[in-house]
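What you see below is based on every heavy atom in this structure, not just the backbone, and it leaves out hydrogens, waters and symmetry mates. Sequence lines set the chain letters: A, B, ... in the order given, protein chains first and strands last, and positions in each chain run from 1.
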2 protein chains.
Amino acid sequence: MTVAAPPAAATSPAGLAEYERSCEGHPGGPEAGRMIREVLDRVGDKWSLLVVATLGDDVMRFSDLLRHIPGISQRMLTLTLRQLERDGLVIRTAYAEVPPRVEYRLTALGATLIGIAHTIAQWAIANHSTIEQSRAEYDAR
Amino acid sequence: MTVAAPPAAATSPAGLAEYERSCEGHPGGPEAGRMIREVLDRVGDKWSLLVVATLGDDVMRFSDLLRHIPGISQRMLTLTLRQLERDGLVIRTAYAEVPPRVEYRLTALGATLIGIAHTIAQWAIANHSTIEQSRAEYDAR
DNA sequence: CGGAATCCCTTGGGATACTG
DNA sequence: CAGTATCCCAAGGGATTCCG
């Protein structure tokens, strides 16, 4: 499988340094590390990014998500959706019917995360075999 | 703080669907979800991406990394570096001196991760205040 | 159907002490 | 300096049960 070159910066990793300069002098100002930490603490958990990627531009019910995300438990789907809703990444719409129906969709902000999810997926596709091989060699020792 | 528009796909989240189509029919073939899971399980932990971002294109000693990554413990730095080395993302070079000196640098593969780190940091910069606000509103209820 | 609540085991990871 | 080894606590998260 061939994939377009990784998004960017493979040979120009100056972006972070650039950002770090822009943050110097801020009183207690966060550096790139804190930024990465922040977003990782938010969507770097086991399920958040996966829920976002699965949701995509669709509107899905709770049970739809449960089916489309292999391995996730009821509990974790609930918790993850609540957190995403709280962060303004997901909209929850409950219809007063019986049986109840609840629909989820990404907000505009949540949709911007799809780009990140895509970038990550592309990276994985492009490199997982290389990593697998590197592991095998490492473990051989 | 003003930042360039989020990298991509804010309005064209078709990438994942596209990829998913390309994977259909593969015997037990992984979907985008599994790809995301894979890379998240690898560099989505508490420190990996941060070590990569900190390392950048520099060569750093163990103690340098320890100083430049606030909050990381000796133990976690060691474990994280070992894992990154095993995955072929980091090169470890030990010099037979006394006192010992060990240097770390990214491999070419590891350097491709900087793009992801940068993308994530950019996203955080662009959106963290919005998220903060959304949280405050959510919690107010 | 879409949760909330409880139970409980596993993992992550910090603190500390020791070593080549 | 650059680790390794232990201890131990807290959080993560699965399974199950109950509920409106």
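- Partners of Leu79(B) by side chain to side chain contact (heavy atoms under 4.5 Å, CB included), not counting sequence neighbours, listed by chain and number: Arg75(B), Met76(B).
- Judged as a side-chain hydrogen bond (donor to acceptor under 3.5 Å, both in side chains), and not counting sequence neighbours, the contacts of Asp64(B) are Arg67(B).
- Note on residues 76-92 of chain B: pairs passing side chain to side chain donor-acceptor pair (under 3.5 Å), not counting sequence neighbours, are Arg135(A)-Asp87(B), Asp139(A)-Arg86(B).
- Non-hydrogen atoms lying under 4.0 Å from DNA chain D are contributed by Ser73(A), Gln74(A), Arg75(A), Met76(A), all within residues 71-96 of chain A.
- Note that the first and last nucleotides of DNA chain D, 5' to 3', having any atom under 4.0 angstrom from a heavy atom of chain A are dG13(D) to dG20(D).
- Listed for the Thr107(B) side chain is no donor-acceptor partner under 3.5 Å among the backbone atoms of Ile91(B).
- Sequence order on DNA chain D of the closest nucleotides to Lys46(A) and Ser63(B) puts Ser63(B) first from the 5' end.
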Residues Asp58(A), Arg105(A); criterion side chain to side chain contact (heavy atoms under 4.5 Å, CB included); working and verdict: CA-CA 6 Å; Asp58(A) 303 329; Arg105(A) 61 187 168 83; over 6 Å; no
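- Looking at heavy atoms from C-beta onward, Val39(A) lies in side-chain contact with Trp123(B) at the 4.5 angstrom threshold.
- Partners of Ser48(A) according to the side-chain hydrogen bond (donor to acceptor under 3.5 Å, both in side chains) rule, which considers only residues two or more places apart in sequence or in another chain, are Asp45(A).
- The side chain to side chain contact (heavy atoms under 4.5 Å, CB included) check on Thr130(B) picks up Leu109(A), with sequence neighbours excluded.
- Five base pairs at each end of the helix from dC1(C)-dG20(D) to dG20(C)-dC1(D) define two local axes, and these are offset by 40° (rounded to 10°).
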What donor-acceptor contacts under 3.5 angstrom involve side-chain atoms of residues 96-104 of chain A, with partners at least two apart or in another chain?
| from | atom 1 | to | atom 2 | distance (Å) |
| --- | --- | --- | --- | --- |
| Glu97(A) | OE1 | Arg101(A) | NE | 3.4 |
| Glu97(A) | OE2 | Arg101(A) | NH2 | 2.7 |
| Arg101(A) | NH1 | Glu103(A) | OE2 | 3.0 |
| Glu103(A) | OE1 | Tyr95(A) | OH | 3.1 |

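- From the 5' end on, the contacts that DNA chain C makes with chain A at under 4.0 Å to a non-hydrogen atom open and close at dC1(C) to dT6(C).
- Scanning for side chain to side chain contact (heavy atoms under 4.5 Å, CB included) contacts around Glu137(A) gives Gln133(A), with sequence neighbours left out.
- If you take CD1 on Ile36(B) and CD1 on Ile120(A), they are separated by 7.0 Å, rounding to the nearest 0.5 Å.
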Val43(A) vs Val52(A), side chain to side chain contact (heavy atoms under 4.5 Å, CB included): CA-CA, chis, key distance, verdict: CA-CA 9 Å; Val43(A) 299; Val52(A) 169; 5.9 Å; no
